[in-house]
2 protein chains.
Amino acid sequence: MTTQATGLHTHVLDTLGLAITAGEYPPGSVLRTDELAQRFDVSRTVVREVVRVLESMHLVESRRRVGVTVRAMEEWNVYDPRVIRWRLAGADRPRQLRSLTVLRSAVEPAAAGLAAVHATPEQCRELTEQALGMVATSRGRQLEAYLVHDIAFHRVVLNASGNEMFARLGDVVAEVLAGRTHHQVMFDDPDPAAVTLHVQVAEAVRERDGRRAEELTRQIAVGALRELDVLAP
Amino acid sequence: MTTQATGLHTHVLDTLGLAITAGEYPPGSVLRTDELAQRFDVSRTVVREVVRVLESMHLVESRRRVGVTVRAMEEWNVYDPRVIRWRLAGADRPRQLRSLTVLRSAVEPAAAGLAAVHATPEQCRELTEQALGMVATSRGRQLEAYLVHDIAFHRVVLNASGNEMFARLGDVVAEVLAGRTHHQVMFDDPDPAAVTLHVQVAEAVRERDGRRAEELTRQIAVGALRELDVLAP
DNA sequence: TGTGACAAAAAAGTCATACTTTTAAGCACC
DNA sequence: GGTGCTTAAAAGTATGACTTTTTTGTCACA
């Protein structure tokens with residue numbers, strides 16, 4: 001099969017994880033390790049390691065004498081970057097995109113407020129640079145280039161907040177931004193208002209105006225949510 | 001050894017995870033599977049499965065010919081409930097508690113605002129009940145009983161928000177609340193103001209007043225942060 | 001002296017197999 | 001109808017052999 005150079009383990013894990021998060025095995029379904037080993041043509045060793053990882057994501061539960069049972073969606077570790085990616089690749093991308101965007105709209109304003117307090121001069125510079133990059137690529141169908149700046153911008157804000165939990169959401173935000181760009185959940189060109197807001201956030205952080213940074217970021221989030229309402233059912 | 005009834009895997013995983021998050025192995029340290037197998041007196045099979053899980057948490061990275069190397073703290077999957085628990089049990093509990101509380105102060109007000117819109121009558125009832133439970137146990141050193149109601153209350157709010165990502169933070173909040181109660185990061189009796197605020201949040205949600213629920217929850221969060229500043233260096 | 005190719009070894013990755021432990025489920029017995 | 005024993009199914013564990021990747025060291029050659 002398509003045994004990636006990445007190793008059997010990765011291949012089986014990705015395939016199974018994708019299938020489970022896609023709902024191919026309804027909760028309560030039972031998988032048996034021997035069966036999986038046969039299906040993927042790998043040893044039980046490999047399957048067991050995969051199952052252990054899936055178990056650590058709370059996607060499945062393994063019990064003696066019964067097998068590996070798929071858990072209900074409510075139990076999944078939805079903050080695991082891999083789970084997020086799998087779900088964004090699957091059928092309920094819209095729902096997933098929305099719930100992640102709501103999360104962003106709660107977290108990012110707070111992070112921006114803190115960033116205004118804690119950002120280093122270097123981070124302020126970086127922020128401005130990325131905002132300008134967004135301006136430069138915001139017209140003429142340069143969505144990919146724009147995306148790079150957009151991701152970088154939000155990553156810097158989250159990092160500059162000085163809060164570890166916020167910082168670690170950088171990957172999540174990146175997935176969301178990439179997801180909506182790559183799946184037509186976006187207009188042909190970015191909303192000019194949003195672009196302006198980013199520039200202003202950079203400004204506010206530079207000027208140590210936490211309240212303004214927070215409020216402006218909130219507006220960015222609101223815009224993103226509205227866009228999602230318009231473009232995704 | 002203290003082989004728990006929970007299985008070799010769990011025991012080794014917990015021990016290693018705890019040690020790594022406690023900083024016992026500085027980033028870049030190299031572990032070898034054979035060595036670990038010997039040290040814990042288990043087979044390589046078990047160690048490999050543990051390493052795979054640790055790897056999935058981004059706590060370590062396993063490479064051929066070099067071994068299992070511990071990753072830098074910035075790369076850890078800090079949203080994994082187990083990682084959170086390990087860190088709360090370890091030396092940098094104060095730092096961890098603070099960053100989690102800041103996260104709460106961003107997320108919970110938003111969740112409360114949404115809960116006012118989406119809560120079912122049953123959830124409203126449950127909310128009121130838990131708030132009353134908090135009142136009843138808020139005096140006379142009944143911290144454990146109080147904690148149960150407190151956790152339940154916040155869990156309901158997060159669930160009632162209707163947002164999956166918020167809902168899944170229930171475990172995190174539970175860990176934080178339990179953590180601060182169990183480690184003297186709290187006064188002898190809960191802050192009466194906080195208790196009142198909880199009752200009022202339940203009220204606001206019941207009356208579908210999103211803004212008020214959000215604002216009141218924000219005040220709870222602010223109080224929690226302030227308490228942390230007072231009690232933890 | 002430096003450079004590139006080649007050889008060797010170390011460690012994880014994979015596999016096959018045998019054995020152990022837990023536990024659901026069926027059955028007999030009261 | 002419940003209570004306890006038996007059985008068998010599936011995961012858990014152990015072990016040893018073999019493969020693959022990757023670092024490192026060495027040696028020949030320019």
Side-chain angles (χ1 to χ4, degrees), chain A residues 1-17 19-20 25-72 75-76 82, chain B residues 1-17 19-20 25-72 75-76 82:
Chain A
M1 283 290 93
T2 345
T3 302
Q4 303 293 352
T6 13
L8 295 183
H9 176 84
T10 310
H11 174 238
V12 176
L13 178 61
D14 255 23
T15 309
L16 261 184
I20 292 174
Y25 305 95
S29 309
V30 175
L31 309 171
R32 255 151 306 99
T33 51
D34 300 351
E35 211 174 76
L36 292 173
Q38 237 185 315
R39 176 138 74 81
F40 287 100
D41 193 34
V42 296
S43 69
R44 267 198 343 129
T45 312
V46 171
V47 172
R48 297 205 82 264
E49 286 168 14
V50 167
V51 167
R52 277 265 136 92
V53 172
L54 255 18
E55 202 177 18
S56 99
M57 297 171 169
H58 274 63
L59 256 49
V60 302
E61 189 183 6
S62 176
R63 281 170 58 211
R64 275 173 154 141
R65 170 63 210 250
V66 28
V68 178
T69 66
V70 177
R71 302 176 91 133
E75 305 186 72
W76 298 351
R82 241 166 326 184
Chain B
M1 286 287 94
T2 344
T3 302
Q4 302 293 352
T6 13
L8 295 182
H9 175 86
T10 309
H11 174 237
V12 176
L13 179 62
D14 255 22
T15 309
L16 261 184
I20 293 174
Y25 305 94
S29 309
V30 175
L31 309 171
R32 259 158 295 102
T33 51
D34 298 352
E35 210 174 77
L36 292 173
Q38 234 185 314
R39 175 136 74 82
F40 288 100
D41 192 35
V42 296
S43 68
R44 283 184 358 260
T45 312
V46 171
V47 172
R48 297 205 82 265
E49 286 168 14
V50 167
V51 167
R52 278 265 135 93
V53 172
L54 254 19
E55 202 177 18
S56 99
M57 297 171 170
H58 272 67
L59 256 50
V60 303
E61 189 183 7
S62 173
R63 281 170 57 212
R64 272 172 157 145
R65 170 62 213 251
V66 29
V68 178
T69 67
V70 177
R71 303 177 90 133
E75 307 186 72
W76 299 350
R82 240 165 328 183

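Naming convention: chains lettered A, B, ... in sequence-line order (proteins, then strands); numbering from 1 in each chain. Source: prediction; values computed, not measured.
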[N] OP1/OP2 closer than 4.0 Å to side-chain N/O of [X]:
X     : N      : result
A:S43 : C:dC15 : yes
B:R64 : D:dT19 : no
B:T33 : C:dA12 : yes

Rounded distance in Å - [atom1] ([X]) to [atom2] ([N]):
X     : N      : atom1 : atom2 : value
B:E61 : C:dA11 : CD    : C1'   : 15 Å
B:E49 : C:dA12 : CD    : C1'   : 15 Å
B:D34 : D:dA17 : CG    : C1'   : 14 Å
A:L36 : D:dA10 : CG    : C1'   : 13 Å
A:Q38 : C:dC15 : CD    : C1'   : 15 Å
B:E55 : C:dA12 : CD    : C1'   : 10 Å

When we call it a touch if two heavy atoms are under 4.0 Å apart, what does [X] touch: a base, just sugar-phosphate, or nothing?
X     : answer
A:V51 : nothing
A:R63 : sugar-phosphate
B:T45 : base

Mark yes or no for a side-chain to base donor-acceptor pair under 3.5 Å between A:R44 and D:dT13, with no hydrogen or angle criteria applied. yes

How do A:V46 and A:V66 order along DNA chain C: which one's closest nucleotide is nearer the 5' end? A:V46

Between [options], which nucleotide has the shortest distance from any of its atoms to the side chain of [X]?
X     : options                : answer
A:R48 : D:dT22, D:dG12, D:dA11 : D:dG12
A:L8  : C:dT23, C:dA12, C:dC15 : C:dC15
A:R32 : D:dT20, D:dA11, D:dT15 : D:dA11
B:V42 : D:dA11, C:dT14, D:dA14 : D:dA14
B:R65 : C:dA10, C:dC15, D:dG12 : C:dA10

Is there a side chain to side chain contact (heavy atoms under 4.5 Å, CB included) between B:R52 and B:E49 once you walk through the steps? CA-CA 5 Å; B:R52 278 265 135 93; B:E49 286 168 14; 5.6 Å; no

Can you tell if the side chain of [X] reaches within under 4.5 Å of the side chain of [Y], non-hydrogen atoms only?
X     : Y     : result
A:M57 : A:V53 : yes
B:R71 : B:L59 : no
A:F40 : A:V47 : no
A:V70 : A:V30 : no

